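Being a predicted model, the structure only gives us computed values, none of them experimental.
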Amino acid sequence: MAQSQTAGQRKTGRRKISNLLALSLLSLLVERPMYPYEMAVTLRQRGKDEAIKINWGSLYTVVQNLEKYGFIEAMDVAREGRQPERTTYQITEAGRDELKDWLRELISEPEREYTRFEAALGECAVLPPNELAGLLRRRLDALDAAIAEHETGLETLVTQIPRLFLIESEYQLASRRAETEWVRGLLTELTDGTFPGLEAWRRYHETGEFPAELIPSLNQEGESAAGG
């Protein structure tokens, strides 16, 4: 049996399957063989759709691709009465290796992720500062409510499920808390007048003329000096 790759022995190139639903399906099949509908039910019961964005309609396609690339294999095909045939799948050794290597990559290598909120922040000068402040207050209220609900749910789950299976929920809660703290800080600057260039920003919306001091400085490559 081929040995699993270590964290320092990354596979090169793109993965044959990059849909994160495949990661969850492989992890399920490590426990025991399952058929696709059973996989879907188990993922829903465990709230996996809270950690990854799942298109349930694509589940069967992902299963087919996992089989195509040898990561899982059919072990039984059964039919009950007039019901359609039901194929039960099990993970292969190649599938176990892929799962472990994929996890090592995702956990050890930070990846740039793009959010709708970040995209909007990048264009927020289009709105007057007072309107932006009002929108941030609404977001802050929603975040505070979501955090309170999350904390309550997590407190309950800790008494029912080993913490090992809740750390992704802890991460989501920590991310929400960090965002809340940042939004609250920005809102404070907007409301107490300490945000740099605030008056010029207001003047732009009053006159329609964009102040020269707010035009981003560009480096020789034509990219924002603050870009990254």
Any pair counted as salt bridge (charged side-chain N to carboxylate O under 4.0 Å, His left out), so long as it reaches residues 54-67, sequence neighbours left out:
none
Inter- and intrachain pairs under side-chain hydrogen bond (donor to acceptor under 3.5 Å, both in side chains), touching residues 119-143, at least two apart
Arg139-Glu179
Residue set satisfying side-chain contact (heavy atoms from CB on, under 4.5 Å) with Gln64, at least two apart, ordered chain then number -> none
Is Phe195 close to Thr188 at the side-chain level, that is, under 4.5 Å between some pair of heavy atoms?
no
Distance col, row Glu105:CD vs Leu103:CG, nearest 0.5 angstrom, shows 10.0 Å
With no hydrogens and no angle check, is any side-chain donor or acceptor of Thr92 less than 3.5 Å from a backbone partner on Gly70?
yes
Which residues share a salt bridge (Lys or Arg N to Asp or Glu O under 4.0 Å) with Glu168, sequence neighbours left out:
Lys48
Same cluster or not: Leu135 versus Leu186, using hydrophobic residues (I, L, V, M, F, W, Y) connected whenever any side-chain heavy atoms lie under 4.5 Å apart?
no
Quiz: residues 159-166 side-chain donor-acceptor pairs under 3.5 angstrom, not counting sequence neighbours:
unit_1: Thr159; atom_1: OG1; unit_2: Thr156; atom_2: O; d: 2.6
unit_1: Arg163; atom_1: NE; unit_2: Glu170; atom_2: OE1; d: 3.3
unit_1: Arg163; atom_1: NE; unit_2: Glu170; atom_2: OE2; d: 2.7
unit_1: Arg163; atom_1: NH2; unit_2: Glu170; atom_2: OE1; d: 2.9

Thr191 side chain to Leu187 main-chain N or O, any donor-acceptor pair under 3.5 Å?
yes
Quick note, side-chain hydrogen bond (donor to acceptor under 3.5 Å, both in side chains) partners involving residues 16-26, not counting sequence neighbours, are none
Using the side chain to side chain contact (heavy atoms under 4.5 Å, CB included) rule, take Val63 and Thr87 through it: C-alpha gap first, then chi angles, then the decisive distance, then the call.
CA-CA 11 Å; Val63 169; Thr87 303; over 6 Å; no
Side-chain donor-acceptor contacts of residues 28-40 below 3.5 Å, not counting sequence neighbours, with atom names and distances?
unit_1: Glu31; atom_1: OE1; unit_2: Arg46; atom_2: NH2; d: 2.9
unit_1: Glu31; atom_1: OE2; unit_2: Arg46; atom_2: NH1; d: 2.6
unit_1: Arg32; atom_1: NH1; unit_2: Glu38; atom_2: OE2; d: 2.5
unit_1: Arg32; atom_1: NH2; unit_2: Glu38; atom_2: OE2; d: 3.1
unit_1: Tyr35; atom_1: OH; unit_2: Arg86; atom_2: NH1; d: 3.4
unit_1: Glu38; atom_1: OE1; unit_2: Tyr35; atom_2: N; d: 3.4

Quick check: do Leu26 and Phe71 have side-chain heavy atoms less than 4.5 Å from each other?
yes
Return the set of residues passing side-chain contact (heavy atoms from CB on, under 4.5 Å) with Asn55 (not counting sequence neighbours), or none when no residue passes.
Ser58
Taking atom OH of Tyr171 as the centre, does the number of heavy atoms from other residues, nucleotides or ligands within less than 6.0 Å exceed 12?
no
How long is the gap from OG1 on Thr180 to CG on Leu143, to the nearest 0.5 Å?
4.0 Å
Is the shortest distance from a Lys or Arg side-chain nitrogen in Glu209 or Arg203 to a carboxylate oxygen in the other one below 4.0 Å?
no
So, does His150 use its side chain to make a donor-acceptor pair with the main chain of Ser169 at under 3.5 Å?
yes
Is NZ or CZ of Arg177 both nearer than 6.0 Å to the six-membered ring centre of Trp182 and within 45° of the ring axis?
no
Would you compute the distance between atom CD of Glu155 and atom OG1 of Thr152 and round it to the nearest 0.5 angstrom?
5.5 Å
Distance (rounded to the nearest 0.5 Å) between Leu136 CG and Glu189 CD:
11.0 Å
Any side-chain heavy-atom pair of Leu21 and Leu43 under 4.5 Å
yes
Tested for side chain to side chain contact (heavy atoms under 4.5 Å, CB included) against Val62, the lone hit among Leu66, Asn65, Leu59 is Leu66
Is the closest basic N to carboxylate O distance between Arg184 and Glu181 below 4.0 Å?
no
How long is the straight-line distance from CZ of Arg15 back to OH of Tyr69, given to the nearest 0.5 Å?
13.5 Å
Just wondering, do Asp76 and Tyr89 contact through their side chains at under 4.5 Å, heavy atoms?
no
Any donor-acceptor N/O pair, Trp201 side chain to Leu127 backbone, under 3.5 Å:
yes
Who else is in the cluster with Val77 when I, L, V, M, F, W and Y are joined by side-chain contacts under 4.5 Å?
none
Separation between CG (Asp192) and CG (Leu198), nearest 0.5 Å, reads 9.0 Å
List in chain and number order the residues that pass salt bridge (Lys or Arg N to Asp or Glu O under 4.0 Å) with Arg176, two or more places apart in sequence or in another chain; answer none if no residue qualifies.
none
Partners passing side-chain hydrogen bond (donor to acceptor under 3.5 Å, both in side chains) against Glu113 (at least two apart in sequence or in another chain):
none
With a 6.0 Å cut-off (strictly less than), is the heavy-atom count around CD of Glu213, excluding the residue itself, greater than 12?
yes
Run Arg96 and Leu99 through side chain to side chain contact (heavy atoms under 4.5 Å, CB included) and show every step you take.
CA-CA 5 Å; Arg96 291 177 185 273; Leu99 173 61; 5.7 Å; no
Using a 6.0 Å distance limit plus a 45 degree cone around the ring axis, check whether Arg112 lies over the aromatic ring of Tyr114.
yes
Does Val126 sit in a hydrophobic cluster with other residues, and if so which ones, taking ILVMFWY side chains as linked at heavy-atom separations under 4.5 Å, directly or through other members?
none
